[in-house]
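A short write-up of the structure that comes next.
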Protein chains: 2
Amino acid sequence: MQVEPRKAPGSNSGRKRLRVVAAATEVFLKSGFLGANMDEIAVRAGVSKQTIYKNFGSKEALFVDVVTAMMVEADQKVHTAPAEPDSTEAMERYLFEYAYRQLSVALTPELMQLRRLVIGELGRFPELARILYERGPERAITVLAAVFKRLEAKGLLLCPDATVAATNFNWLFMAHPVNRAMLLGDAGLPSDADMQRLAKEAVRVFLAAHTPNRIA
Amino acid sequence: MQVEPRKAPGSNSGRKRLRVVAAATEVFLKSGFLGANMDEIAVRAGVSKQTIYKNFGSKEALFVDVVTAMMVEADQKVHTAPAEPDSTEAMERYLFEYAYRQLSVALTPELMQLRRLVIGELGRFPELARILYERGPERAITVLAAVFKRLEAKGLLLCPDATVAATNFNWLFMAHPVNRAMLLGDAGLPSDADMQRLAKEAVRVFLAAHTPNRIA
DNA sequence: CGCCAGTCATACTGACCAGTCTAGTTTGGT
DNA sequence: ACCAAACTAGACTGGTCAGTATGACTGGCG
């Protein structure tokens with residue numbers, strides 16, 4: 001099977017390719033890799049199976065393409081960097097905003113389902129799980145650690161190991177809702193008020209453990 | 001299809017049943033629900049397919065039985081309750097021991113693979129995921145919250161909401177390694193030294209945020 | 001010994017499905 | 001207008017697999 005090179009997105013071929021990716025995304029998210037049916041994907045995309053196989057070569061390759069595309073798209077939403085704070089009060093606000101934004105962006109039904117899918121297919125597609133790990137939590141923690149290092153230099157934070165501190169903070173607000181969503185489904189996702197509570201509590205605990213001269 | 005009632009475990013039938021469960025456990029963990037092959041399970045159990053269908057009725061039912069059995073077994077290992085502490089120093093030790101034990105017991109390749117499996121099959125078997133949630137993190141947090149309430153009554157802890165405090169503590173040591181294991185596989189599991197570090201850091205952060213009159 | 005419930009190996013059915021093939025149609029560039 | 005590339009519907013192949021059917025074997029018990 002000869003796989004055609006990717007066409008420009010404006011062309012007719014390119015548009016068809018996008019429709020296939022969109023349809024495949026739906027179907028894979030709904031049914032998983034083995035449960036997904038190529039005929040259903042073709043019908044939903046309004047495209048013949050031939051076209052799919054011409055563009056992607058195989059079910060596996062389509063799956064990898066679809067999941068990778070979903071992660072790239074998610075990446076773009078997560079990337080935002082507000083100005084870093086200069087005072088204790090500004091830092092508290094900064095941390096709260098950061099946590100709240102991460103919660104809002106990451107805890108969507110699509111991303112949670114993507115996560116379930118990738119975890120379930122770890123055995124078959126370990127490289128996809130690795131990419132999700134690196135682009136998700138690892139990247140978030142790395143970026144946060146760099147911020148914390150600068151905050152420590154300013155004397156606003158006390159953290160001998162910035163990566164450990166960033167890991168602490170990240171999971172203080174993320175762990176509980178993500179775990180719930182993984183096992184309870186979309187019904188377990190937090191409301192906006194929940195997210196604010198989570199962010200606030202995470203900031204409180206984090207600062208209690210990483211601020212110089214603090215009295216609880 | 002008539003499903004036979006469960007036989008006493010000592011009998012010949014009972015032993016065969018156990019061998020089926022053991023074999024099915026292996027195969028489901030390795031291949032997932034759809035990927036698992038009933039013929040392979042039969043061969044591994046040294047049993048004919050007929051016997052499997054007589055005892056369990058269907059692939060779905062076997063899967064539910066197997067996963068439930070795995071969770072019951074895991075439960076027994078997790079349940080241990082050392083004496084509750086009476087002083088600040090004893091509490092620190094207690095929390096460390098608790099965290100370290102939870103890490104040691106929960107972060108095994110089998111339990112992590114079970115978790116991946118259940119998460120991946122959330123769409124098909126939501127009730128299994130719910131059971132895992134209730135018997136796993138929810139139960140751990142509930143038990144911990146009760147302990148924290150008593151510790152607060154003794155004046156050792158400061159936590160207006162014991163459940164929030166228990167959630168904080170639980171995920172402070174669990175979140176990072178569990179997330180790594182989910183996405184990086186068994187190679188991402190922490191070493192014994194890692195677990196001790198995780199437990200120690202979690203206790204430090206937790207106590208900084210939940211102890212009366214504490215100076216960081 | 002003879003009974004019979006449980007088990008065995010094996011073959012089969014019917015459904016599903018990834019991927020291919022065919023022959024006719026549309027599209028887009030020149 | 002013309003042609004080549006891309007696309008279409010739909011049939012087809014080959015393989016897999018859940019679940020059933022068959023007929024023979026075995027072991028415990030009266």
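A, B, ... follow the sequence lines: proteins, then strands. Residue 1 opens every chain.
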[X], [atom1] atom: more than 12 neighbouring heavy atoms under 6.0 Å:
X      : atom1 : value
B/E134 : CD    : yes
A/K30  : NZ    : yes
A/E84  : CD    : yes
A/R130 : CZ    : no

Describe the nucleic acid contact of [X] in one word from base, sugar-phosphate, nothing, applying a heavy-atom distance below 4.0 Å.
X     : answer
A/S48 : base
A/G35 : nothing
A/A42 : nothing

Within this structure, what is the [atom1]-to-[atom2] distance between [X] and [N], rounded to whole angstrom?
X     : N      : atom1 : atom2 : answer
A/Y53 : C/dC17 : OH    : P     : 12 Å
A/K16 : C/dG28 : NZ    : C1'   : 12 Å
A/D39 : D/dA11 : CG    : P     : 12 Å
A/Q50 : D/dA9  : CD    : C1'   : 11 Å
B/I52 : D/dT20 : CD1   : P     : 13 Å
B/L34 : C/dA18 : CG    : C1'   : 15 Å
A/F63 : C/dG19 : CZ    : P     : 14 Å
A/M38 : D/dA11 : CE    : P     : 19 Å

Note to self: Counting only side-chain heavy atoms from C-beta out, which of D/dT8, C/dC17, D/dA18 sits nearest to A/N37?
What the structure shows: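 The nucleotide sitting nearest to the side chain is C/dC17.
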Check: Could one point to a donor on the side chain of B/K59 or the base of D/dG19 with an acceptor on the other under 3.5 Å away?
Finding: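 By the distance-only test, no, there is no pair.
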Note to self: Once hydrogens and angles are ignored, does a donor-acceptor distance under 3.5 Å link the base of D/dG19 to the side chain of B/K49?
What the structure shows: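 In this structure, the two groups form a donor-acceptor pair.
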Notebook entry, point to check: Hey, does the side chain of A/S58 come within less than 4.0 Å of C/dA18's phosphate (OP1/OP2), counting only N and O?
Noted result: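 No.
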Checklist line | Test log, rule salt bridge (charged side-chain N to carboxylate O under 4.0 Å, His left out), inputs A/R180 and A/D194 | finding: CA-CA 13 Å; A/R180 278 178 62 90; A/D194 289 335; over 6 Å; no
